[in-house]
Amino acid sequence: MNDPVLSRTLAMLAEPGSTYARRFDRTSMLDLSVGEARYPIPQTVRSEIAAVVGDLDTLWYTNPTGDIGLRQAFLRHRFGTETGRLDPAQVLITAGGKEAALLAVRYLLTRDGNTTVLAPQPGWEPYGMWLRAVGATVIGYNPTELAVDAEGLRRMVADAHRRPGLLILNYPHNPTGLDIDQSHMDALMDAATELDLSVVSDEVYRAFANKPSSAAQAPAFDPHRHLVVDSCSKWLAAAGLRVGFLYADADTITAITGLRATYASCTSPLTQAVAHTLLTNPVATAWLDDVRATIAGTRDALAEHLTARGVPVTSAGGLYVWCRQPDQPLPPVSEPAAWLTDGTGFGAPDHVRICPARAGLDPRIAADAVIANLRGQ
Ligand SMILES: Cc1ncc(COP(=O)(O)O)c(C=O)c1O
């Protein structure tokens, strides 16, 4: 039997530069590649987590839609006390944002019966892999241009050979770090609605935006057509926890929960309890506020050092600094090379993505280690 989705995925993993074929074994290099916030959990926060975990008296199968307390906490965090926005039936808890995004994309492709998709390019590698694996037609758009020009969406749809059915948005954006303000998000959602596009808005970096915006806050937002993805991974510095969120209308959540339950019985109650603590406990939230401020400072300082040293920084935001390979040779440095993410997997082979969200990182030393990599040292 041939499963075309698996065969195409295996073929993509064998392509040169495929990020997901990598192994986590380059321990001797400074790792500025993996896109996560790496800050050890302080003892004060660990004690809060230990108290909660120590109180769990069962580890049975739990609600396949996710713990109701965590879903409510997520909604309160997202929408404050906005009435009409706090229905936990509109949230599915998944094993990370990656699973939430995969389910959202594949569900909408099937429900809408349209496999022509507008996706950011450069963009997060899995979108392209999933879409190619199912035989979808991908129309890449420039996320920097679209962020400020909703008309661009109308032009792209008008120019497309086949009418697109799905738009994937990802602001703040991986790999460029690019942000979008709410008025531009509103304009994009207006245009998407007018063009009859379904939307998956992947907002896993939202907490790192200067002024966080969301598709769910747009006046045109329709939770039946527009699905929002979020995750604890980046925002709560807890990527290994594997807790993500999908926000949509209750019928869509019910359908996707059923699909998920065929291969994953529930999300672990243990990790959901830890996520709830990180999201709501004041000791944990104070620590995470500090972590996010540190990340922004380190990232901006690194971008400045790199620019001063002749590295063309295209953009910086969220967890990332996004650089073009320099045209001129860079002067030698004494630091050993850092491990960076090559832009090929994102669809931009002339770029590299740097994730400086590392505890204790000295931006000056990190800049040298980046230059050593770019020089091929
Ligand atoms: C754009 C984007 N979406 C979703 C994810 C998924 O994160 P996770 O599955 O760790 O929650 C990532 C992680 O790199 C990402 O960059």
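Read the numbers this way: they start at 1 and go in the same order the structure lists the ligands and their atoms. Numbering of residues begins at 1 and proceeds along the displayed sequence.
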Trainee: Quick check, are the ring centers of His77 and Trp235 under 6.0 angstrom apart?
Mentor: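 Yes, ring centres under 6.0 Å apart.
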Trainee: Would you mind listing which atoms of ligand 1 come within a distance below 4.0 Å of any non-hydrogen atom of Tyr127?
Mentor: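 Numbered from 1, ligand 1 contributes 1 (C).
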Trainee: Looking only at protein heavy atoms, identify the closest one to atom 12 (C) of ligand 1 and say how far it is in Å.
Mentor: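 Result for atom 12 (C) of ligand 1: Trp124 CZ2, 3.3 Å.
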Trainee: Using a plain distance cutoff, I'd like to know if Lys234 has any nitrogen or oxygen under 3.5 Å from a nitrogen or oxygen of ligand 1.
Mentor: yes
Trainee: Under 4.0 Å from any heavy atom of Asn170, which atoms of ligand 1 are there?
Mentor: 1 (C)
Trainee: Could you tell me whether Arg242 and Glu99 make a salt bridge, using a distance below 4.0 angstrom between a side-chain N and a carboxylate O?
Mentor: no
Trainee: Report, in ascending order of atom number, the atoms of ligand 1 lying under 4.0 Å from any heavy atom of Gly96.
Mentor: 9 (O), 11 (O)
Trainee: Quick check: does Asn174 get an N/O under 3.5 Å from an N/O on ligand 1?
Mentor: yes
Trainee: Can you name the atoms of ligand 1, numbered from 1 with element, that are less than 4.0 Å from a heavy atom of Arg242?
Mentor: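 Answer, ordered by atom number: 8 (P), 9 (O), 10 (O).
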Trainee: Answer yes when Glu203 and Lys234 have at least one side-chain N-carboxylate O distance shorter than 4.0 Å, and no when they do not.
Mentor: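 Salt bridge flag = no for Lys234 with Glu203.
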Trainee: Applying side-chain contact (heavy atoms from CB on, under 4.5 Å), can you list everything that pairs with Asp149, at least two apart in sequence or on another chain?
Mentor: Glu151, Arg155
Trainee: Quick one: which ligand 1 atoms are inside 4.0 Å of a heavy atom on Gly97?
Mentor: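 Those qualifying, in numeric order: 6 (C), 8 (P), 9 (O), 11 (O).
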Trainee: Any chance CG of Asp3 has more than 12 other-residue heavy atoms, nucleotides or ligands included, within less than 6.0 Å?
Mentor: yes
Trainee: Strictly below 4.0 Å, N to O, side chains only: are Arg46 and Glu48 in salt-bridge contact?
Mentor: no
Trainee: Could you identify the single nearest non-hydrogen protein atom to atom 6 (C) of ligand 1 and state the distance to 0.1 Å?
Mentor: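 Result: Lys98 N, 3.4 Å.
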Trainee: Side chain or backbone, does Asp202 bring an N or O within less than 3.5 Å of an N or O on ligand 1?
Mentor: yes
Trainee: Which residue from Ala238, Ser231, Ala239, Ser233 reaches closest to atom 10 (O) of ligand 1 through any of its heavy atoms?
Mentor: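 Answer by nearest heavy atom: Ser233.
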Trainee: May I ask you to check whether Tyr205 and Tyr320 place their ring centres under 6.0 Å from each other?
Mentor: yes
Trainee: Are Asp179 and Lys211 within salt-bridge range, i.e. N to O under 4.0 Å?
Mentor: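 No.
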